Number of protein chains: 2
Amino acid sequence: MDDQARLEHHLDLLWGHGTGSGRGRPARTSREQVVAAGIARADAEGLADLSMRAVAADLGVGVMSLYTHVESRDGLVALMTDHAFAEITGDLHPHAGEHWRDAAARQARALWDLYGRHPWILDHGSRLPMGPHVLAMEDAFFAVFLDIGLAPVESANAAIALRSLVTGIARDSRSEQDEARRTGVGLDDHWRSVNAVFWGRYFDERRYPAMTRLWYAGGFDRDDVLEEQGILERAVGAYLDGIAVRVHSGGSGQGTGGA
Amino acid sequence: MDDQARLEHHLDLLWGHGTGSGRGRPARTSREQVVAAGIARADAEGLADLSMRAVAADLGVGVMSLYTHVESRDGLVALMTDHAFAEITGDLHPHAGEHWRDAAARQARALWDLYGRHPWILDHGSRLPMGPHVLAMEDAFFAVFLDIGLAPVESANAAIALRSLVTGIARDSRSEQDEARRTGVGLDDHWRSVNAVFWGRYFDERRYPAMTRLWYAGGFDRDDVLEEQGILERAVGAYLDGIAVRVHSGGSGQGTGGA
DNA sequence: GGACTTTCCAGACGGTGTACCGAAAGGATC
DNA sequence: GATCCTTTCGGTACACCGTCTGGAAAGTCC
């Protein structure tokens with residue numbers, strides 16, 4: 001099997017082509033079941049604990065039987081990822097009459113919530129799989145910026161950057177609570193112990209004056225856990241304001257501020 | 001060794017405390033050398049091919065000898081990451097008299113360039129290690145937004161979001177060329193073969209109308225490879241424009257655009 | 001020269017993804 | 001109903017991974 005055939009096989013699996021011909025021994029388990037078992041395990045334990053042996057055991061099936069539905073472990077994760085995006089693509093495209101700013105904010109929230117339900121999507125470094133639901137998600141983001149008065153390249157970039165912004169912030173935010181769960185201790189206990197040893201022994205207030213000033217000014221105070229979401233809303237709001245400036249100035253304005 | 005001691009050991013390594021007491025058999029290799037070998041290998045082959053056996057072989061040393069300088073593989077990556085950030089922290093803080101917008105744009109570029117030299121930094125999902133150089137980098141980002149007229153929490157969020165924006169776009173952008181290198185084929189050849197099979201057999205123009213329209217409008221045209229950088233400049237510019245709106249409106253403005 | 005301290009490193013252990021390949025099971029054809 | 005054909009099943013095996021173990025080696029200190 002050369003690279004070309006392997007690529008086609010990969011895409012066939014993502015797009016659901018070439019499902020059983022009806023002949024031969026029937027599969028004891030469906031591809032849906034395999035993907036669902038993988039998602040369940042990744043949701044509960046993280047991607048690191050998603051081994052083929054574990055998934056097979058969850059399904060009560062031999063390990064190698066998984067490979068009839070999946071080309072490899074990475075292929076399984078790709079299928080899981082595309083499947084997960086199907087959760088939000090149903091109501092992601094801008095509504096009729098909806099202002100583009102509202103639509104974009106709504107999409108950012110939907111993506112953020114999806115990452116909250118399936119944080120493992122943020123774990124795999126490579127690009128998103130080119131599956132039908134991932135493409136539907138991307139299409140929805142592109143649709144928002146299509147007819148608001150930007151040049152085509154700027155529309156495309158705006159959509160990609162909005163996705164990247166949400167993804168980047170989500171990764172920053174989720175990573176610490178993932179780490180806390182991985183080490184077994186609660187998030188609060190984890191940070192309490194880190195802070196106890198860190199700020200006294202290693203941190204030098206003179207070496208990091210900006211952080212220190214912000215700290216004493218209350219810049220890192222978090223009223224509650226949901227405050228993590230505030231940073232998303234603020235960042236997305238600021239970014240969309242910048243896009244709005246470009247829209248109103250004819251598509252490529254430099255906006256306010258210094259040169 | 002309980003968790004507390006393990007954490008202190010981890011931080012000691014990151015901060016360079018507790019280096020050799022002078023007694024006992026001297027180490028054949030320094031911690032600097034181990035970290036440098038790890039970075040060299042990760043730069044060339046990616047994080048996936050960074051095995052302890054490989055690093056040890058590169059240094060001509062037994063595998064377990066690495067563990068005198070490093071607590072684990074993750075600890076090695078943490079050291080490598082902190083070491084890499086030292087490349088840019090020398091000239092990252094805002095200059096005297098520099099407009100905050102220029103400083104922020106300069107920092108975004110520096111971070112982007114660093115990710116270009118060491119793409120593996122983008123691979124590990126957990127938060128950045130709390131090492132001296134990572135903190136220096138963060139301090140520089142916080143410093144930019146300190147005295148521009150935002151509330152403390154908004155300043156902190158602005159700095160974090162700018163970092164997340166650059167990181168998110170860098171990950172989106174680098175991942176495809178990483179994949180191309182991993183599979184051995186060139187970037188152009190990779191996409192040529194993907195496109196050849198994909199757009200004809202799987203992509204449905206009616207199912208993804210926004211992407212299709214943008215495609216025919218030239219929204220995905222890239223004049224040259226460096227155009228990847230254009231999306232960063234545009235996104236950062238838009239985001240900073242949004243921050244500027246908030247600065248001028250007194251710190252929490254909703255800005256232009258819809259509700 | 002001994003005591004002490006630290007590093008070195010071969011070997012082993014349990015884990016991973018997955019290639020191999022004969023056995024099993026159902027449809028198609030006679 | 002017997003046979004062939006096609007597909008899946010899954011035990012075994014292999015290479016590779018991170019890292020624990022523990023005795024040997026190589027320095028400093030008294």
Side-chain angles (χ1 to χ4, degrees), chain A residues 1-2 5-6 9-10 12-13 17-34 37-38 41-42 45-80 123-124 126 182, chain B residues 1 5-6 9-10 12-13 17-34 37-38 41-42 45-80 123-124 126 182-183:
Chain A
M1 186 187 280
D2 61 351
R6 198 183 311 273
H9 185 212
H10 174 72
D12 274 345
L13 290 178
H17 293 184
T19 49
S21 68
R23 303 204 303 200
R25 176 175 181 172
R28 270 185 40 181
T29 199
S30 71
R31 178 145 66 227
E32 293 285 336
Q33 285 176 285
V34 172
R41 191 151 254 276
E45 314 280 352
L47 259 201
D49 283 352
L50 185 89
S51 71
M52 302 300 277
R53 285 170 171 85
V55 174
D58 287 349
L59 288 167
V61 151
V63 185
M64 294 313 291
S65 300
L66 300 178
Y67 286 84
T68 56
H69 300 298
V70 151
E71 49 176 352
S72 67
R73 182 182 183 275
D74 285 347
L76 171 60
V77 176
L79 275 170
M80 288 162 52
D123 280 355
H124 68 326
S126 63
R182 185 175 51 76
Chain B
M1 186 185 279
R6 198 184 310 276
H9 185 212
H10 174 70
D12 274 344
L13 290 178
H17 295 184
T19 48
S21 68
R23 303 202 304 200
R25 176 174 179 171
R28 271 198 342 138
T29 199
S30 70
R31 179 144 67 226
E32 293 286 337
Q33 285 176 285
V34 172
R41 190 152 253 277
E45 314 280 352
L47 258 201
D49 284 353
L50 185 89
S51 70
M52 302 301 275
R53 285 170 171 84
V55 173
D58 287 349
L59 288 168
V61 149
V63 187
M64 292 314 290
S65 298
L66 300 179
Y67 286 83
T68 57
H69 299 298
V70 150
E71 51 175 353
S72 67
R73 182 183 183 273
D74 286 346
L76 171 59
V77 176
L79 275 170
M80 289 163 50
D123 280 355
H124 69 324
S126 64
R182 186 176 51 77
T183 57

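Protein chains get the first letters and strands the later ones, always in sequence-line order, with residue 1 at the start of each. All values reported here derive from a predicted model rather than from experimental measurement.
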**Q** Any heavy-atom pair between the side chains of Leu59(B) and Arg28(B) that's under 4.5 Å?
**A**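 No - every pair of side-chain heavy atoms lies 4.5 Å or more apart.
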
**Q** Working to the nearest 0.5 Å, report the span between NE2 of His9(A) and CD of Glu71(A).
**A**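 The NE2 atom of His9(A) sits 6.5 Å away from the CD atom of Glu71(A).
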
**Q** Taking only the side-chain nitrogens and oxygens of Arg28(B), find out if one of them lies under 4.0 Å from OP1 or OP2 of dC8(C).
**A**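 No.
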
**Q** Protein-nucleotides 26-30 of chain D N/O pairs closer than 3.5 Å?
**A**
unit_1: dA26(D); atom_1: O4'; unit_2: Arg25(B); atom_2: NE; d: 3.4

**Q** Rounded to the nearest Å, what distance is computed from the CZ atom of residue Arg53(A) to the P atom of nucleotide dA13(D)?
**A**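 Answer to the nearest Å: 13 Å.
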
**Q** Can you tell me how far P of dC9(D) sits from OH of Tyr67(A), to the nearest Å?
**A**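 Those two atoms, OH and P, are 14 Å apart.
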
**Q** Look at the side chain of Ser65(B) and decide which nucleotide, out of dC9(D), dC8(C), dT18(C), has an atom nearest to it.
**A**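 The listed nucleotide nearest to Ser65(B)'s side chain is dC8(C).
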
**Q** Whole angstrom is fine here: how far is it from CG in Leu59(A) over to P in dG10(D)?
**A**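 Leu59(A) atom CG is separated from dG10(D) atom P by 11 Å.
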
**Q** Between dT8(D) atom P and Arg31(A) atom CZ, what is the distance in whole Å?
**A**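 It is 10 Å, rounded to the nearest whole Å.
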
**Q** Separation of Asp49(A) atom CG from dC17(D) atom P, in whole Å?
**A**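 Computing the Asp49(A):CG to dC17(D):P distance gives 20 Å.
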
**Q** Kindly compute the distance separating CG (Leu79(A)) from CG (Asp74(A)), expressed to the nearest 0.5 Å.
**A**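 Here the rounded value is 11.5 Å.
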
**Q** In whole Å, what is the span from the CG atom of Leu47(B) to the C1' atom of dC17(D)?
**A**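 Going from CG in Leu47(B) over to C1' in dC17(D) covers 15 Å.
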
**Q** For Met52(A) and for Leu66(B), locate the closest nucleotide of DNA chain C by heavy-atom distance; then report the residue assigned to the nucleotide nearer the 5' terminus.
**A**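 Between the two, 5'-proximity favours Leu66(B).
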
**Q** Can you tell me if Thr68(B) touches the phosphate of dC8(C), counting only side-chain N or O atoms and a distance under 4.0 Å to OP1 or OP2?
**A**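 Answer yes for this pair, as a side-chain N or O of Thr68(B) is under 4.0 Å from OP1 or OP2.
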
**Q** Using heavy atoms to find the nearest nucleotide of DNA chain D for Val63(A) and Ala54(B) separately, return the residue whose nucleotide is more 5′.
**A**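 Residue closer to the 5' terminus by nearest nucleotide: Val63(A).
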
**Q** Check the distance between dC17(D)'s P and Leu76(B)'s CG and give it to me in whole angstrom.
**A**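 So the two atoms are 14 Å apart, to the nearest Å.
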
**Q** For Met64(A) and dG11(D), what is the distance between atoms CE and C1' respectively, to the nearest whole Å?
**A**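 Distance, rounded to whole Å: 11 Å.
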
**Q** Test Leu76(B) against every option in Leu13(B), Leu66(B), Val34(B) by the side-chain contact (heavy atoms from CB on, under 4.5 Å) rule and name the one that passes.
**A**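 For Leu76(B), the side-chain contact (heavy atoms from CB on, under 4.5 Å) test succeeds with only one of Leu13(B), Leu66(B), Val34(B), which is Val34(B).
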
**Q** Taking all non-hydrogen atoms of both residues, which atom of His69(A) and which atom of Arg31(A) are closest, and how far apart?
**A**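 Heavy atoms only, the tightest pair is O-CD, 3.4 Å.
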
**Q** With a 4.0 Å cut-off on N to O distance, would you call Arg41(A) and Asp49(A) a salt bridge?
**A**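 No, this pair does not count.
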
**Q** Could you tell me the separation between the CG atom of Asp58(A) and the CD atom of Gln33(A), rounded to the nearest 0.5 Å?
**A**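 Separation between the atoms: 12.5 Å.
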
**Q** Which comes earlier along DNA chain D counting from the 5' end, the contact point of Arg73(B) or that of His69(A), where each point is its nearest nucleotide?
**A**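 Counting from the 5' end, the first nearest nucleotide belongs to His69(A).
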
**Q** Can you find a side chain N or O atom of Ser51(B) that sits less than 4.0 Å from OP1 or OP2 on dC16(D)?
**A**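 False: Ser51(B) side-chain N/O out of range (4.0 Å or more) of dC16(D) OP1/OP2.
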
